[in-house]
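The structure displayed is predicted, hence computed values, not measured ones.
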Amino acid sequence: MCGRFVSTRDPASLADEFLAVDATGNDAPRADYNVAPTKSVLAVVERHPRDEEGTVDTSTTERTVRVMRWGLVPHWAKDLSVGARMINARSESVLDKPAYRDSASKRRCLLPADGWYEWQPGEGRKQPFFITPSDGSTLAMAGIWSVWWDRDDEGGSRPVVTCAVLTTDAIGEMATIHHRMPLLLSRERWADWLDPDRTDPADLLAPPEDDLVAGLELRPVTTAVNSVKNNHPGLTEPVAISAAEMPAPTLFEVT
DNA sequence: CCAGACGTTGTT
DNA sequence: GTCTGG
DNA sequence: CCAGACGTTGTT
DNA sequence: GTCTGG
């Protein structure tokens, strides 16, 4: 699954890499080695542009890097707090769930990441791992987003854009520490995933390619990452663990 | 009809 | 908002 | 995901 | 045990 990740690329670099325009303004989050639910994250979206009257130009699209709050809050929610529980969406059911399906068909995004954290359950204490591409490239996690209107007492309202990370069955080496993982999208799949005209994205939800997963490095890290108060590059550095704590291939084989 | 949920993960 | 359960 | 709280009244 | 907050 994905309940914690790392994002250190700045918006301009991401805009460059994802062929997008940096639309983060002044509220872009800083490099973050411990991104947790409810925090601000950077996302890539693609939409048909609208003019000042709100008329949509369907002949073209604009791809932008934006700031979102992690934890999807559907437009009908009474308050922001529901987002804390809507941090992941199962790719197998996202098109059917009332809280997610509109977003899945009309509001998909990419959530760039340096890598993500996974806690391997076991005897005693859980061992955290950091999973990151061996070649240092940027991961793109499949995401969905929504707008929630934060109303004040004077009748005004302010939009809050929120998002969730899609999950899928763990495959390859990932299955040795956990049975779920983020839906990672190879570069070849970015354009289709973001295409606002693909409103029936069933075939966009295919699992990650084996070679994409094979290119990931899985590294045990300090339990300091457990606390969101800790946030520094050391959280992603390898630590020595005992043989008993090494990822065991049989641990999470599918039943 | 109204009330209440709307989600995932892991663990037993 | 929309669906499910009672 | 993990960590940390989990409560109200009244008084300053 | 269960919920909220980050």
Between dT8(B) and dG1(C), how far apart are the C1' atoms? Round to whole Å, please. 22 Å
Verdict with reasoning, Arg158(A) to Asp152(A), per salt bridge (charged side-chain N to carboxylate O under 4.0 Å, His left out): CA-CA 8 Å; Arg158(A) 177 183 67 94; Asp152(A) 61 31; over 6 Å; no
Can you measure Trp70(A) atom CH2 to dC1(D) atom P for me and round it to whole angstrom units? 10 Å
Look at Arg180(A) and dT9(B) and indicate whether a side-chain polar atom (N or O) is within less than 4.0 Å of OP1 or OP2. yes
Does some side-chain heavy atom of Met68(A) sit less than 4.5 Å from a side-chain heavy atom of Thr162(A)? no
Just to confirm, is there a sub-4.0 Å distance from OP1 or OP2 of dT8(B) to any side-chain nitrogen or oxygen of Ser93(A)? yes
Using the C1' atom on both, measure dA5(B) against dG7(D) and round to a whole Å. 27 Å
What is the distance from CD1 of Ile87(A) to P of dT9(B), rounded to the nearest Å? 9 Å
Take Thr138(A) and Arg9(A) through the side-chain hydrogen bond (donor to acceptor under 3.5 Å, both in side chains) test and state the conclusion after the steps. CA-CA 9 Å; Thr138(A) 306; Arg9(A) 269 77 165 179; 3.2 Å; yes
Counting only side-chain heavy atoms from C-beta out, which of dG6(E), dG1(C), dG7(B) sits nearest to His75(A)? dG1(C)
Does dT2(C) have its OP1 or OP2 closer than 4.0 Å to a side-chain nitrogen or oxygen of Lys97(A)? no
Apply salt bridge (charged side-chain N to carboxylate O under 4.0 Å, His left out) to Asp96(A) and Arg101(A), showing your working. CA-CA 6 Å; Asp96(A) 303 319; Arg101(A) 65 184 167 204; over 6 Å; no
What's the CD-P distance between Glu118(A) and dC1(D), to the nearest Å? 9 Å
Dot-bracket for DNA chain D, please. Rules: Watson-Crick or G-U, both distances under 3.5 Å, ( ) within the strand, [ ] when a pair crosses earlier ones, | for another strand, . otherwise. ||||||......
In whole angstrom, give me the gap between the C1' atoms of dC2(D) and dT9(B). 13 Å
To the nearest angstrom, how far is Asn34(A) atom CG from dG5(E) atom P? 19 Å
To the nearest angstrom, the CZ-P distance between Phe130(A) and dC2(D) comes to 17 Å
Look at all strands and tell whether Arg101(A) reaches a base, only sugar-phosphate, or nothing, counting heavy atoms closer than 4.0 Å. sugar-phosphate
From the options Asp102(A), Ile144(A), Leu72(A), select the one residue that forms a side chain to side chain contact (heavy atoms under 4.5 Å, CB included) with Arg107(A). Asp102(A)
Quick note, Trp76(A) side chain, CB onward, closest among dT11(B), dG6(E), dC6(B) is dC6(B)
Find the distance Trp116(A):CH2 to dT9(B):C1' and express it as a whole number of Å. 16 Å
Closest non-hydrogen atom pair, Ala140(A) against Trp190(A): CB-NE1, 3.3 Å
Checking contacts here: which listed nucleotide (dC2(D), dG1(C), dG6(E)) is nearest the side-chain heavy atoms of Pro98(A)? dG1(C)
Which whole number of Å gives the distance between the C1' atom of dG5(E) and that of dG4(B)? 24 Å
Whole-Å distance, Ile131(A) CD1 to dC1(D) P, equals 13 Å
Looking at every strand, decide which applies to Ala36(A) at a 4.0 Å heavy-atom threshold: base, sugar-phosphate, or nothing. base
Asn88(A) side chain N/O closer than 4.0 Å to the phosphate oxygens (OP1, OP2) of dG7(B)? no
On a heavy-atom basis, the closest approach of Leu235(A) and Val221(A) is O-CB, 3.2 Å
Least distance between heavy atoms, Val160(A) atom then Asp150(A) atom: CG2-CB, 4.0 Å
Would you say the ring centers of Trp116(A) and Phe129(A) fall short of 6.0 Å from each other? no
Lys229(A) side chain near dA3(D) phosphate (N/O to OP1/OP2, under 4.0 Å): no
Between C1' on dT4(E) and CG on Leu80(A), what's the gap in Å once rounded to a whole number? 13 Å
With a 6.0 Å cut-off (strictly less than), is the heavy-atom count around CG of Asp203(A), excluding the residue itself, greater than 12? yes
With a cut-off of less than 4.0 Å, is there a side-chain N or O of Arg90(A) near OP1 or OP2 of dT9(B)? yes
Scan Phe5(A) against the nucleic acid and name what it touches under 4.0 Å (heavy atoms): base, sugar-phosphate only, or nothing. nothing
May I ask you to decide if the ring planes of Phe130(A) and Tyr117(A) are parallel, tilted or perpendicular, using 30° and 60° as cut-offs? tilted
Counting only heavy atoms and a strict 4.0 angstrom limit, can you tell me which residues of residues 158-167 of chain A come near DNA chain B? Thr167(A)
